[in-house]
Amino acid sequence: MIVKRFRLVALGTAVISVLCAVDASAADIARQRDEGWTLTVAPYLWASGIKGESGVFGSPPQDVDVSFSDVLHHLKFGFMGLTEARNGPFTISTDIVYAKLDANIGTPKGILASNIDATVSTFMGTALGGYSVYYQDGTNFDLVAGARLWSVDNSFDFHGGVLDGRSASDGDTWVDPVIGAKFKADVGNWIYLAGWGLVGGFGAGSKSMWDVMGGAGYQFNDKMSMFVGYRAVHDNYSHDGFVNKLTQQGPILGLTYQFSPAHPG
């Protein structure tokens with residue numbers, strides 16, 4: 001719903017102005033619907049560090065404080081990207097973050113094991129449907145709802161000592177309901193602002209979770225742009241001795257490409 005403030009000179013003028021605004025808004029949304037679906041694809045790099053508490057095998061949670069340089073040092077594979085399909089005020093979006101890290105951990109005594117090969121795989125996939133409550137002049141404000149799938153797998157291979165040749169793993173997979181809002185606003189000179197705020201969990205999966213992002217982009221043309229910003233994600237989940245109470249945050253850099261599936265050129 002588009003809200004405009006008018007200085008009322010006369011009741012008749014106000015009524016005519018409101019009717020014209022409603023008619024223009026309806027025509028604008030109808031025109032945007034007629035344009036059909038557009039698809040935006042955006043691979044990105046999220047240079048995040050990790051802080052919080054993590055626990056496996058029912059042991060007391062341990063403090064975690066890992067910088068992005070440490071994450072990058074142990075990173076074996078990673079992928080981050082989002083998509084958005086829009087038809088007028090209606091949107092369907094996805095966001096995927098996957099990372100696999102390897103580390104070799106030395107033990108102080110070497111009795112149970114002389115060293116441990118650890119592999120940590122994390123997946124965060126989000127699917128949202130949305131509707132623009134404001135959608136005009138290159139600006140949109142969307143209300144969204146959906147779900148986020150989390151999956152964490154910690155695997156350990158023991159070498160030397162009593163546990164030589166043995167393996168163990170712990171982790172979990174869970175789903176959080178998610179609600180929130182997204183926005184994008186053109187500010188002129190091919191520059192735009194964008195961001196989102198999401199909350200979820202509500203005890204259905206995680207006890208609580210939130211995800212906030214904001215930044216600015218530059219539109220090279222009607223299809224391609226570059227975006228820089230900052231993102232922070234928090235999750236508080238525990239189940240059957242597995243604890244994942246972590247906050248990831250850091251700068252984000254992405255490239256976006258927008259096209260119409262009906263007219264990809």
Side-chain angles (χ1 to χ4, degrees), residues 38-52 54 64-86 91-103 118-128 130 140 142 144 146-154 171 176 178 180-187 190-200 209-235 244 246-259:
T38 59
L39 181 63
T40 301
V41 180
Y44 62 88
L45 171 66
W46 182 23
S48 65
I50 306 172
K51 288 187 177 182
S54 179
V64 175
D65 189 352
V66 182
S67 67
F68 174 68
S69 61
D70 292 332
V71 172
L72 193 61
H73 177 70
H74 296 288
L75 182 67
K76 294 302 178 183
F77 178 80
F79 174 80
M80 304 169 189
L82 57 85
T83 65
E84 181 184 83
R86 175 178 288 276
T91 63
I92 301 172
S93 61
T94 65
D95 177 32
I96 294 176
V97 178
Y98 174 79
K100 181 178 181 180
L101 298 93
D102 289 346
T119 301
V120 179
S121 298
T122 62
F123 176 87
M124 182 180 73
T126 310
L128 301 170
N140 58 271
D142 305 340
V144 296
R148 172 166 291 176
L149 172 67
W150 304 82
S151 184
V152 180
D153 180 49
N154 302 290
D176 288 334
V178 177
K182 295 183 175 183
F183 79 92
K184 181 180 178 182
D186 290 340
V187 295
W190 298 94
I191 298 173
Y192 63 89
L193 304 177
W196 65 60
L198 306 172
V199 294
M209 62 124 314
W210 50 260
D211 183 344
V212 293
M213 189 280 293
Y218 182 80
Q219 198 80 34
F220 297 111
N221 51 49
D222 60 348
K223 293 184 181 298
M224 295 191 67
S225 70
M226 175 178 286
F227 182 84
V228 293
Y230 196 89
R231 183 181 187 182
V233 175
H234 174 78
D235 180 59
N244 189 78
L246 300 172
T247 300
Q248 296 178 247
Q249 58 182 325
I252 188 171
L253 172 65
L255 292 173
T256 69
Y257 181 75
Q258 184 181 82
F259 65 96

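In what follows, every heavy atom counts, from backbone to side chain, and hydrogens, waters and symmetry copies are set aside.
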- Task: Could you tell me whether the side chain of Leu101 reaches within less than 4.5 Å of the side chain of Thr119, counting heavy atoms only?
- Result: no
- Message: I'd like to check Met80 versus Ile252 (side-chain heavy atoms, cut-off strictly below 4.5 Å). Are they in contact?
- Response: no
- Residues Arg231, Asp211; criterion side-chain contact (heavy atoms from CB on, under 4.5 Å); working and verdict: CA-CA 7 Å; Arg231 183 181 187 182; Asp211 183 344; 2.7 Å; yes
- Message: Tell me whether the rings of Trp210 and His234 are parallel (<30°), tilted (30 to 60°) or perpendicular (>60°).
- Response: parallel
- Message: Any donor-acceptor pair under 3.5 Å linking the side-chain atoms of Asp153 with those of Ser121?
- Response: no
- Message: Between Asp142 and Val144 (side chain of the first, backbone of the second, donor and acceptor by atom type, cut-off under 3.5 Å), is there such a pair?
- Response: no
- Note on the structure: Between the CG atom in Leu255 and the CG atom in Leu253, the distance rounded to the nearest 0.5 Å is 6.5 Å
- Item | Heavy-atom check, side chain of Met213 versus side chain of Phe227, under 4.5 Å | yes
- Message: Quick one, Val199 with Val178, criterion side-chain contact (heavy atoms from CB on, under 4.5 Å). Give me CA distance, side-chain angles, the key distance, then yes/no.
- Response: CA-CA 6 Å; Val199 294; Val178 177; over 6 Å; no
- Taking the six-membered ring for Trp, is the centroid-to-centroid distance between Tyr218 and Phe220 below 6.0 Å? yes
- Item | Side-chain touch Leu193/Phe183, heavy atoms, less than 4.5 angstrom | yes
- Query: Would you say Tyr98 and Thr122 make side-chain contact, with heavy atoms under 4.5 Å?
  - Reply: no
- Query: Does the side chain of Ser69 come under 3.5 Å of the side chain of Ser67 through a donor N or O and an acceptor N or O?
  - Reply: yes
- Do Ser225 and Tyr192 get their side chains close enough for a donor-acceptor pair, meaning under 3.5 Å? yes
- Task: Would you sort out whether Trp46 and Gln248 count as a side-chain contact (heavy atoms from CB on, under 4.5 Å), showing the intermediate values?
- Result: CA-CA 10 Å; Trp46 182 23; Gln248 296 178 247; 3.7 Å; yes
- Item | Atom pair CE (Met124) and CH2 (Trp150), whose distance is rounded to the nearest 0.5 Å | 5.5 Å
- Item | Verdict with reasoning, Val233 to Thr247, per side-chain contact (heavy atoms from CB on, under 4.5 Å) | CA-CA 6 Å; Val233 175; Thr247 300; over 6 Å; no
- Task: Could you point out which residue of Val228, Val97, Thr256 forms a side-chain contact (heavy atoms from CB on, under 4.5 Å) with Tyr44?
- Result: Val97
- Item | Validation row: Phe68, Ile50 side chains within 4.5 angstrom (heavy atoms) | no
- Query: Backbone N or O of Asp102 within a donor-acceptor pair of the His74 side chain at under 3.5 Å?
  - Reply: yes
- Task: Any chance you could measure Thr83, atom OG1, to Leu39, atom CG, to the nearest 0.5 Å?
- Result: 6.0 Å
- Message: Do Thr38 and Gln258 pair up side chain to side chain, a donor and an acceptor below 3.5 Å, judged on atom types alone?
- Response: no
- Between the CG atom in Asp176 and the CG atom in Leu198, the distance rounded to the nearest 0.5 Å is 11.5 Å
- Task: Would you please say whether a donor-acceptor pair under 3.5 Å links the side chains of Lys182 and Ser93?
- Result: yes
- Answer whether the closest heavy-atom distance between the side chains of Thr126 and Leu82 falls below 4.5 Å. no
- Query: Considering all heavy atoms of both residues, which atom of Gln219 and which atom of Met224 are nearest to each other, and what is their separation?
  - Reply: NE2-O, 3.5 Å
- Query: Looking at CD1 of Ile191 and CG of Asp186, how far apart are the two atoms once the value is rounded to the nearest 0.5 Å?
  - Reply: 10.5 Å
- Query: Taking all atoms of both residues into account, what is the closest heavy-atom pair of Gly146 and Leu128, and its distance?
  - Reply: N-CD2, 3.6 Å
